[in-house]
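So you know, we letter chains A, B, ... as the sequences are listed, proteins then strands, and number each from 1.
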Number of protein chains: 2
Amino acid sequence: MRIAELSRRSGVAVPTIKYYLREGLLPPGELTSPNQARYGERHLRRLRLIRALIELAQVPVASVKVVLQAFDSETMSLHERIGTVHRAITPHRQVTADDDVRAAATAQVRELIARRGWAVEPDAPAIATLVETITALRALGQDSLAGHLDAYAEAVERFTELELAAVTSHADPDQIAESVVIGTVLGETLIAALRLLAQESISARLLGPASASGQ
Amino acid sequence: MRIAELSRRSGVAVPTIKYYLREGLLPPGELTSPNQARYGERHLRRLRLIRALIELAQVPVASVKVVLQAFDSETMSLHERIGTVHRAITPHRQVTADDDVRAAATAQVRELIARRGWAVEPDAPAIATLVETITALRALGQDSLAGHLDAYAEAVERFTELELAAVTSHADPDQIAESVVIGTVLGETLIAALRLLAQESISARLLGPASASGQ
DNA sequence: GCTTACGGATACTGATACTATCCATGAAGA
DNA sequence: TCTTCATGGATAGTATCAGTATCCGTAAGC
């Protein structure tokens, strides 16, 4: 298959495919002559994965590259791949706030992790995000949300366990790695969408579409 | 308080504050003379909210404006506010894929919604995201993830119920609206961070940090 | 042989989120 | 009162990101 067909079958414009080739997201096609290449089903699959990461999970192109490296790695353990993906998809966030509010949030997160017996690196990027988010919630007077962390953690733990169990039931370790990498990134999009639907539905039931507020 | 102090206390640069004023994210200060304004604690709070939405929840500036309008509205019902926020934070996604794969995903989502008895608008933006995500997962051969939708939906429903219950326990309807808007947006960041931590921990336990894979 | 498509390189574009500069005016200390 | 500095408001400039567009010499296919 040449680039035009790859473009047609993937729905991605030819210049965009060339861009992904340049950026190293898509491996080069097999050269049949100095200026003629051939692409296979592997390229089509990869292109679909790239588009899903960019379009659905909103992962920046530079991070997609890192994710794909973890995806392709022949040497990383599954745990290392997960760490790499987590670092790639977690932006460095530092919202300015009172240092003592943040200190309290940090303590709360540390206690939560201890209480749940979670084995995580102390510099896991998600910890910083969690601390900043709780700090922001408290600074905004939303203590009720920040105060129910344990309940959220339990619910989240449930489906994460489920997800990893489903995925590790594959026989092939390569396939497990593939599933975990895809699941880590697209799972977030999936869960976020489900949450919005659940919220819409529960709010309709609890409050009624006509129950006005704010007058 | 004048702009320099607002900047100092919020940690946001003066030109950025001016930019938010221009964009209508931040209401103008009270003019004490034709070219002198005074800002209050309300502005400081608003600025913190803006930064949390942009930095933590990665909401684009244009969407922050829409979210804040729902936040401030004197006429929208809670349900309308939620709908507005959902539309603002959900990008229009359309990943090209086989139409029959998408049709199957659409049917699956419709059945899920029916099975759970969710009362959602058929054109809810999250439905499109969900359909596209499931389509992508199936196209990538990750049927195991897409196949456990019901279990995810149940877990998600649990903490969404919890969240709305916690929030509607406030007496003041204005405060409820505020909490729901903030919770809808920042809750996603919170849950995503918790999920990454749970995943890291479970993967460490299940697979061991040293269990290599992919050789 | 002629037209069309191709691979590869380079340059350009539009959107986003700020930053910087300018200017006339007003506040505030010497 | 004088003077210096900050301020509000307007306009222009910048960096980054994610593509798009163009060009060129070569190869495929009728």
Side-chain angles (χ1 to χ4, degrees), chain A residues 1-40 43 47 49-68 88-89 91-96, chain B residues 1-40 43 47 49-68 88-89 91-96:
Chain A
M1 156 170 46
R2 280 180 309 177
I3 204 168
E5 194 183 344
L6 188 60
S7 166
R8 193 180 47 71
R9 288 184 59 192
S10 67
V12 178
V14 171
T16 305
I17 295 177
K18 287 186 175 184
Y19 167 60
Y20 293 155
L21 286 166
R22 280 201 303 281
E23 295 297 312
L25 302 193
L26 198 62
E30 185 198 346
L31 282 174
T32 59
S33 75
N35 68 338
Q36 213 69 188
R38 206 167 36 194
Y39 304 93
H43 291 92
L47 207 39
L49 176 55
I50 293 169
R51 289 309 299 167
L53 296 179
I54 290 174
E55 193 69 18
L56 292 173
Q58 310 266 206
V59 178
V61 169
S63 304
V64 169
K65 188 173 179 181
V66 176
V67 170
L68 292 175
I89 65 176
H92 299 298
R93 318 172 198 248
Q94 174 77 350
V95 182
T96 330
Chain B
M1 162 169 42
R2 281 179 309 179
I3 204 168
E5 193 183 344
L6 187 60
S7 166
R8 194 181 45 72
R9 289 183 60 192
S10 65
V12 178
V14 171
T16 305
I17 295 177
K18 287 187 173 184
Y19 166 62
Y20 294 154
L21 285 166
R22 279 201 302 281
E23 294 297 313
L25 303 191
L26 197 61
E30 185 199 343
L31 283 174
T32 58
S33 74
N35 69 337
Q36 213 69 184
R38 207 167 38 193
Y39 305 93
H43 291 92
L47 207 40
L49 175 56
I50 293 169
R51 289 310 299 168
L53 296 179
I54 290 175
E55 193 69 17
L56 293 173
Q58 311 264 240
V59 178
V61 169
S63 304
V64 169
K65 188 174 178 179
V66 176
V67 170
L68 292 175
I89 66 176
H92 299 297
R93 320 176 198 244
Q94 174 75 352
V95 182
T96 330

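When the nucleotides D/dG25, D/dT7, D/dG9 are ranked by their closest atom to the side chain of A/Asn35, D/dG25 comes out on top. Checked against D/dG9, D/dT7, C/dG7, the side chain of B/Ala4 finds its nearest nucleotide in D/dT7. Comparing atom distances between the B/Ala37 side chain and each of D/dG19, D/dA27, D/dG8 picks out D/dG8 as nearest. Of the candidates D/dG9, C/dC18, C/dA27, C/dA27 carries the atom nearest the B/Ser33 side chain, counting heavy atoms from C-beta on. Side-chain proximity of B/Tyr19 to C/dT19, C/dG7, C/dA27: nearest is C/dT19.
When the local axes at the two ends of the helix from C/dG1-D/dC30 to C/dA30-D/dT1 are compared, using 5 base pairs at each end, they differ in direction by 0° after rounding to 10°.
The closest side-chain heavy-atom distance from A/Tyr20 to A/Val64 is not below 4.5 Å. Inter-residue side-chain proximity for A/Val61 and A/Tyr19 is flagged as met; some heavy-atom pair is nearer than 4.5 Å. Residues B/Met1 and B/Arg8 have side chains not in contact (no heavy-atom distance under 4.5 Å, counting atoms from C-beta outward).
Only at 4.0 angstrom or more do the heavy atoms of residues 49-65 of chain A sit from any atom of DNA chain C, so none qualifies.
Rounding to the nearest 0.5 Å places CD1 of A/Ile17 at 5.0 Å from CD1 of A/Ile3. Rounding to the nearest 0.5 Å gives a distance of 6.5 Å between CG of B/Leu26 and CG of B/Leu6.
Counting any heavy atom pair closer than 4.0 Å across all strands shown, B/Leu21 reaches no nucleic acid atom.
Across A/Thr16, A/Leu47, A/Ile50, a single residue satisfies side chain to side chain contact (heavy atoms under 4.5 Å, CB included) together with A/Ser10, and that is A/Leu47.
Comparing A/Ala13 and A/Gln36, the nucleotide of DNA chain D nearest to each residue sits closer to the 5' end for A/Ala13. Along DNA chain D, the nucleotide closest to B/Val14 and the one closest to A/Lys18 are compared, and the more 5′ of them pairs with B/Val14. Taking the nucleotide of DNA chain C with the nearest heavy atom to each of B/Arg2 and B/Pro15, the more 5' of the two is matched to B/Pro15.
With sequence neighbours excluded, the residues forming a salt bridge (Lys or Arg N to Asp or Glu O under 4.0 Å) with A/Arg9 are A/Glu41, listed by chain and number.
Between the CG atom of B/Leu25 and the P atom of C/dC18 there is a distance of 10 Å, rounded to whole Å. We find that CD1 of B/Ile17 is positioned 18 Å from C1' of D/dA10, with the value rounded to whole Å.
Listed pair B/Tyr20 / C/dC18 meets the phosphate criterion, a side-chain N or O lying under 4.0 Å from OP1 or OP2. Remark: B/Thr32 is not in phosphate contact with C/dG26, judged by side-chain N or O atoms under 4.0 Å from OP1 or OP2. Considering only side-chain N and O atoms, B/Tyr39 lies under 4.0 angstrom from the phosphate OP1 or OP2 of D/dG8. Regarding contacts with the backbone of C/dT19, a side-chain N or O of B/Thr16 is found under 4.0 angstrom from either OP1 or OP2.
With respect to the salt-bridge test (charged N to carboxylate O, under 4.0 angstrom), the residues A/Arg38 and A/Glu30 qualify.
Of all heavy-atom pairs between B/Gln36 and B/Arg2, the closest is OE1-NH1, 3.5 Å.
Checking side-chain atoms of B/Ser63 against main-chain N and O of B/Ala88 turns up a donor-acceptor pair under 3.5 Å.
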